[in-house]
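These notes are about the structure you will find just below.
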Number of protein chains: 2
Amino acid sequence: MTTATSPRALEHPPRDRIRLEAVLHALSDPVRLRIVRDMAREATELSCSYFDLPVTKSTTTHHFRVLRESGVIQQMYRGTAKLNALRGEDLDALFPGLLDAVLAAADAQAARTEGAA
Amino acid sequence: MTTATSPRALEHPPRDRIRLEAVLHALSDPVRLRIVRDMAREATELSCSYFDLPVTKSTTTHHFRVLRESGVIQQMYRGTAKLNALRGEDLDALFPGLLDAVLAAADAQAARTEGAA
DNA sequence: GCCGTACTACGACGGGTATCGTACAAGGGT
DNA sequence: ACCCTTGTACGATACCCGTCGTAGTACGGC
């Protein structure tokens, strides 16, 4: 072992390099939007395996990476698990109200489509 | 001539078929985001040729179609010109505050990058 | 040490898409 | 009628991306 707390490091963009276009692109995928909604609902850090997604584990890894590299989420290793958290503070500092608006929009759309069923 | 006002019809999604993912995807392209920002700044309908974009006319046509088919803008022919307008009412009814949040975020990001230059 | 769990890396594949060039259509002005 | 302006259609191209399967790594428990 080399370091005590973080054996495996994960690259995250610093706050000032988060690009709006990348964030919007990350949120425009249904699977990723669902991940973000789940994370917003449960306010704590969640492991990747918490999410029950309609794709394989490889694809899940891919989506989490897109979310991390776009600056939407933060990831940390904790043993074999990988904990995920929204970068709510960073996003709100850069783009005030954006994340909330997207989450509210997703909720509204979900309510509409469920109501129609 | 067949009809008096609209010789050439353009397909638009009705309000209830506008999908959040499609809107976010439409706004995640730099060229399209710039178009939307310009339209929001000038509150009136604008012809396609108003915009000074770093792509050819073919590509411009493509981007306007993506914006129209995702429900972000409305297009109408007026002679040889094609007038474009944001579907602000529809978007605000479906996703309250979303468009404003994206526009504010784009302004904030533009201010930051200009300030750094 | 061994195994199981959690996640990753890599390659492949199919579909989407941003871009262009060229050729074309529609409409207004002279 | 002619042309110019405005925008479209279509094909081509190169790239991106979502998906998968398989093989592999890291860590914790037994």
Side-chain angles (χ1 to χ4, degrees), chain A residues 1-12 19 21-36 39 45-70 72-85, chain B residues 1-12 19 21-36 39 45-70 72-85:
Chain A
M1 59 193 76
T2 51
T3 58
T5 49
S6 303
R8 291 179 274 175
L10 290 167
E11 287 192 12
H12 292 77
R19 298 284 307 171
E21 295 87 340
V23 171
L24 294 178
H25 174 249
L27 297 176
S28 72
D29 181 275
V31 176
R32 290 194 292 262
L33 185 57
R34 176 168 162 179
I35 292 172
V36 170
M39 281 201 288
E45 303 192 322
L46 297 171
S47 72
C48 291
S49 55
Y50 168 86
F51 302 89
D52 185 29
L53 301 172
V55 291
T56 65
K57 276 204 292 184
S58 327
T59 307
T60 301
T61 298
H62 162 70
H63 285 308
F64 274 103
R65 180 169 45 215
V66 172
L67 286 171
R68 171 171 43 88
E69 292 179 345
S70 66
V72 176
I73 68 170
Q74 200 173 20
Q75 298 190 291
M76 245 195 300
Y77 281 107
R78 181 123 183 187
T80 65
K82 195 184 203 176
L83 295 185
N84 303 277
Chain B
M1 60 192 75
T2 51
T3 58
T5 48
S6 304
R8 289 179 278 175
L10 290 169
E11 287 192 12
H12 291 76
R19 298 283 308 169
E21 295 88 340
V23 170
L24 293 178
H25 174 250
L27 296 176
S28 72
D29 180 275
V31 177
R32 290 194 292 262
L33 185 57
R34 175 166 163 181
I35 291 173
V36 170
M39 281 200 289
E45 304 192 321
L46 296 172
S47 72
C48 292
S49 56
Y50 168 85
F51 303 88
D52 187 27
L53 302 172
V55 291
T56 65
K57 276 202 296 182
S58 325
T59 307
T60 301
T61 297
H62 162 69
H63 284 308
F64 274 104
R65 181 169 44 215
V66 173
L67 286 171
R68 184 184 76 240
E69 292 179 346
S70 66
V72 176
I73 68 168
Q74 200 174 20
Q75 297 190 291
M76 246 196 299
Y77 281 108
R78 181 120 182 189
T80 66
K82 195 185 204 175
L83 295 185
N84 303 277

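Order of the sequence lines fixes the chain letters, A, B, ..., with proteins taken first and strands second; residue numbering starts at 1 for each chain. What you see is a predicted model, and the numbers here were worked out from it, not measured in a lab.
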Would you say A:Thr59 reaches D:dG18's phosphate, i.e. side-chain N/O to OP1/OP2 under 4.0 Å? no
Provide the closest heavy-atom pair for A:Leu83 versus A:Ser47 in the form atom of the first, atom of the second, distance. CD2-N, 3.9 Å
Cut-off 3.5 Å, side chains only: do A:Ser58 and A:Thr61 have a donor facing an acceptor? no
Is A:His25 near enough to D:dG18 that one of its side-chain N or O atoms lies under 4.0 angstrom from OP1 or OP2? yes
Whole-Å distance, A:Asp29 CG to D:dT19 C1', equals 11 Å
Base, sugar-phosphate alone, or nothing: which one does A:His62 contact when heavy atoms must sit under 4.0 Å apart? base
B:His25 versus B:Leu27: any side-chain heavy-atom pair under 4.5 Å? no
Using 0.5 Å steps for rounding, measure from the CD1 atom of B:Ile35 to the CD1 atom of B:Ile73. 7.5 Å
Scan residues 46-55 of chain B against DNA chain D and write down, sorted by residue number, each residue with any heavy atom closer than 4.0 Å; if none is found, say none. B:Ser47, B:Cys48, B:Ser49
For nucleotides 1-3 of chain D, which of its nitrogen or oxygen atoms have a protein nitrogen or oxygen under 3.5 Å away, and what is each distance?
none

What integer distance in Å separates A:Lys57:NZ from C:dA9:P? 14 Å
Could you tell me whether the side chain of A:Arg65 and the main chain of A:Thr60 form a donor-acceptor pair under 3.5 Å? no
Counting the atoms with a prime plus P, OP1 and OP2 as sugar-phosphate, which does B:Arg32 contact under 4.0 Å by heavy atoms, base, sugar-phosphate, or nothing? sugar-phosphate
Rounded distance (Å) that lies between atom P of C:dT19 and atom CZ of B:Phe64: 13 Å
Is any side-chain N or O of A:Thr56 closer than 4.0 Å to OP1 or OP2 of D:dC20? yes
In whole Å, what is the span from the CZ atom of A:Arg34 to the C1' atom of D:dG18? 16 Å
So, applying side-chain hydrogen bond (donor to acceptor under 3.5 Å, both in side chains) with A:Asn84, which one of A:Gln74, A:Gln75, A:Arg68 is it? A:Gln75
note: A:Tyr77, atom OH; C:dT5, atom P; distance rounded to Å ~ 19 Å
Exam field: side chain B:Arg32 to backbone B:Val66, donor-acceptor pair closer than 3.5 Å: no
Quick one: closest heavy-atom pair of A:Ala26 and A:Val72, and the distance? CB-CG2, 4.2 Å
Output the rounded distance in Å from CD (A:Gln75) to P (C:dC7). 10 Å
Would you mind reporting whether B:Pro54 and B:Arg34 have side-chain heavy atoms less than 4.5 Å apart? yes
Atom CG of A:Leu67 and atom P of D:dC17 are separated, to the nearest Å, by 13 Å
Heavy-atom closest pair, residues B:Leu46 and B:Phe51: CD1-CZ, 3.9 Å
Round to the nearest Å and state the distance from A:Arg68 atom CZ to C:dC7 atom P. 13 Å
Worked check of side chain to side chain contact (heavy atoms under 4.5 Å, CB included) between A:Glu45 and A:Met76: CA-CA 9 Å; A:Glu45 303 192 322; A:Met76 245 195 300; 3.8 Å; yes
Report the nucleotide, chosen from D:dT19, D:dT5, C:dC7, that has the shortest atom-to-atom distance to any side-chain atom of A:Val31. D:dT19
So B:Arg65, base contact, sugar-phosphate only, or nothing? Heavy-atom distance under 4.0 Å. sugar-phosphate
I want to check something: taking the side chain as every heavy atom from C-beta on, are B:His63 and B:Asp29 in contact at a cut-off of under 4.5 Å? yes
Measure all distances between protein nitrogen or oxygen atoms and nitrogen or oxygen atoms of nucleotides 22-24 of chain D, and list the pairs falling under 3.5 Å.
{"residue": "D:dT22", "atom": "O4", "partner": "A:Ser58", "partner atom": "OG", "Å": "3.4"}

